[in-house]
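Quick note: numbers below take in every heavy atom, side chains included, and nothing from hydrogens, waters or symmetry partners. Order of the sequence lines fixes the chain letters, A, B, ..., with proteins taken first and strands second; residue numbering starts at 1 for each chain.
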Amino acid sequence: MSFKNSSSFVEERSEKKRVLVAMSGGVDSSVAAALLVEQGFDVIGVTMQVWDYSASNQLEKKGSCCSPSDVEDARAVADHLRIPFYVLDCESKFQTNVIDNFMDSYFEGETPLPCVQCNTHLKFDHLFIKMKELKCHFLATGHYAQIKSSPVHLVESSSFRDSKNRGKGKKSVFTKNREKVSSLRPMVLTSSDDFKDQTYFLFTLKPEVLPFLKFPVGSWTKERVREYARKKSLPVAFKKDSTGLCFVGKQSYSNFIQERLSQSSYLRKSNVSGLFRKHPEGDILGEHRGIHFFTYGQRRGLGLSSPTPLYVIRIDPESKTVWLGEEKCLYADEAWVREAHFLGDFSFQEKLSVKIRFSHKGSLATLRQEASLLHLKFDEPQKAITPGQAAVFYRGSQLLGGGWIVRRETKTHGNCIQAQQSKILN
Amino acid sequence: MKSFGNLNQRIYLDHNASTPLFPALEEEFGRWLKLYGNPSSVHWEGRESKRLIRESRKKLAEWLKVHSDEVIFTSGGSEANNLALQGGLRSLASSLHLGEVLTSDVNKSSFVFSHPSFSLKSLKTLGLLVSVVEHPSVLETARQLESQGIRLDFVPVKKRSGEIDLEVYEEKLKGQEIHLVSVMYANNETGHIYPIKKMAALAHKWGALFHSDMIQALGKLPFSLEDLDVDFATFSGHKFCALKGSGFLYVKKAVGVHPQMYGGKQEKGYRAGTENLLSIASMGSMAEFKEEMEGREKEIQKMRDEMEREIKKNLSGVYVVGQECQRLPNTSHIIFQAVDGESLLMNLDLRGFALSSRSACHSGASEPSSVLLAMGFSEEEAKSSLRISLGWDTKKEDLERFVQVLMEEVRYLRSISGEKASMRKEENVF
């Protein structure tokens, strides 16, 4: 990316590098902006307006991120820092890439990760283009993650290349010459704050984007971030962290979906009620109102009474069947992943730590290519591997990549066997 | 602060959004600020304040060639539009309910003070006709009235040219019972000037009252209400170099309007609330400078036309909205192919130029211009446009500098959108 052709940029003749900061109105992105100003960058703050709250019947969703009052908080912080501030119109992109995907996932029997869709299509795609359009050198967010550069390591020729060089048969070269920018490969590492670490949601970052990214609070703990905000008298220093999905707010996800079912684009999916069946025998246990009310591993809210606790083992969107079974049936030691994406080189001989949901601690697994999917074989059985969630790969603290968990028949651990499945489905 | 441009050298080209205070007014502040008495008070201090309001009202009435009695001060243009639509319709509703028929021919010596109690049910008998290109304070008010039972219909504009077809308009009046029409004199986004005189006459022919939002016209071109025969007209101080916080509604004698604000008897009971003395005085004073402002009409138009020629000469893929139509002399709305309008605005701001593309929504996000969408432009086109509105004091050299920077930014953004397109393998929009 070069600004050489823009005489307007050359005219600026500023030694300062320009950074575009995505500001949500929360403490983290506000401190990120403040830090960059302190570090001497020419900072521009933007908020993405993703949701038209005036169209919603609900009261302003305070505490859910990106509401009108959050935009005003971001604006107040920008004014306090004396930086330019703009609100970007991202409603239709958000609707298409995040909300529609969210709705579709539930009707496909999956549990979606809208934050990853937002990162993929808005924060690190749309905003990346804005970064270029506004002649910025970097894009920054308040994510708890770190970017560090390291010399590229020599890798085995059978290794799996990062997505950019896949199939080209190129070998990476180890060089001691750190002045060659091309020999420095940025890596994404987990944050210093284990609890707040957000690398799980960043697995779709493209390697070519990494040299332009900054995560100013990534090496800090939440306490340190808040302390800094107080010290700098940022207007949001005492603001509570937002919880839940930004577009859902405090209501339940199923309420949100129910509300939208009446909208014409989703009407065709509205008939989703079906049967509860016992896994693995197939006995009918009752009826349910819709597969979108359930997620894998769910125990509460089934609306059934049973002598032993029942858990959602599997959801079949075609037959609209929700399979319930004992807890032991939730465990599996393999998973399949589509659209696997890598940020760095690795070898299939290497075992990686895989997180199967945000709150998961990560477990060692062996990876193997299987046609267009990636097969994961865990050393230990994992509970409730959920289609629609992401399997994210780590080498220690380095984020290596990830992919989307797909629904597949799996051999399960323990006494719970799958039998007569095909007979029942026919 | 590098990113704002040099604050002393910023060039402001967003006069349709708001205007800087007319320099000569600053000298008056010393006198006005000493008038702190409540204009409704009995004592001397109150009377002096009241006098200032009376004088301001008189000057504005003279400017527009109307009667002082026909001017109602409000907090601004939005309130005046609300008063015209809501107050006008409620007045009609109650008078219809009482069996009276009001037309603009009735010759009475004072306002018809409508009966204060009206029923929502009677509103349902009324029809409101507004143009599709009105300002949000008219459109939103119309939609709210519709939800309360008013029949609402819209006057369309011709595709791409943006003009109003008078035949289509008359069909709308004929085809249903319309009691109030609201069409703006000039469009704030594109500068289009609509044939208000003919439209008001047609409205009256079919038994409807006529309101016109004239906010964008006053101060930009010679103007009077004398021969326009409208029943209501809206004006806003901060659009003609007066202070923010005041506007007024012209209500023709013998036409009824229902108050929207109750309380004291200010404005003869039509609009309660202690008057914004400073803002009203600033509006009144501007009447004395109307020649300075209106007198520059030809010169400003020349600069605007020259600017458009220069841009079209040096850039491809440029479309000037309504160029062949009658427009305000200062307004230019231009669509730039393959340019992200949002980024263009931001880059221009960062380089010290103030512009816009439309009225901003409440959170300040730049959404595609709804006026352009109503004119049949695609969403892509409506997201690639820029509104340039000159002021009475815009200098030629500033405009030339702007054109230079604009061309650089357009070219730069086109180079990025070229990259964007090849990244996404999308076809070009146009």
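The CG atom of B:L350 lies 4.5 Å from the CD1 atom of A:I44; values are rounded to the nearest 0.5 Å. Here B:I416 contributes atom CD1 and A:K130 contributes atom NZ; the two are 11.0 Å apart, rounded to the nearest 0.5 Å. Separation of atoms NZ (A:K135) and CD (B:E409) is listed at 3.0 Å; rounding is to 0.5 Å.
When all heavy atoms are compared, the tightest approach of A:L88 to B:E342 is CA-OE2, 3.3 Å.
Residues B:D349 and A:Y86 meet the side-chain proximity criterion, which asks for heavy atoms closer than 4.5 Å. For the pair A:D89/B:P368, a side-chain contact is recorded, criterion being any heavy-atom separation below 4.5 Å from C-beta on.
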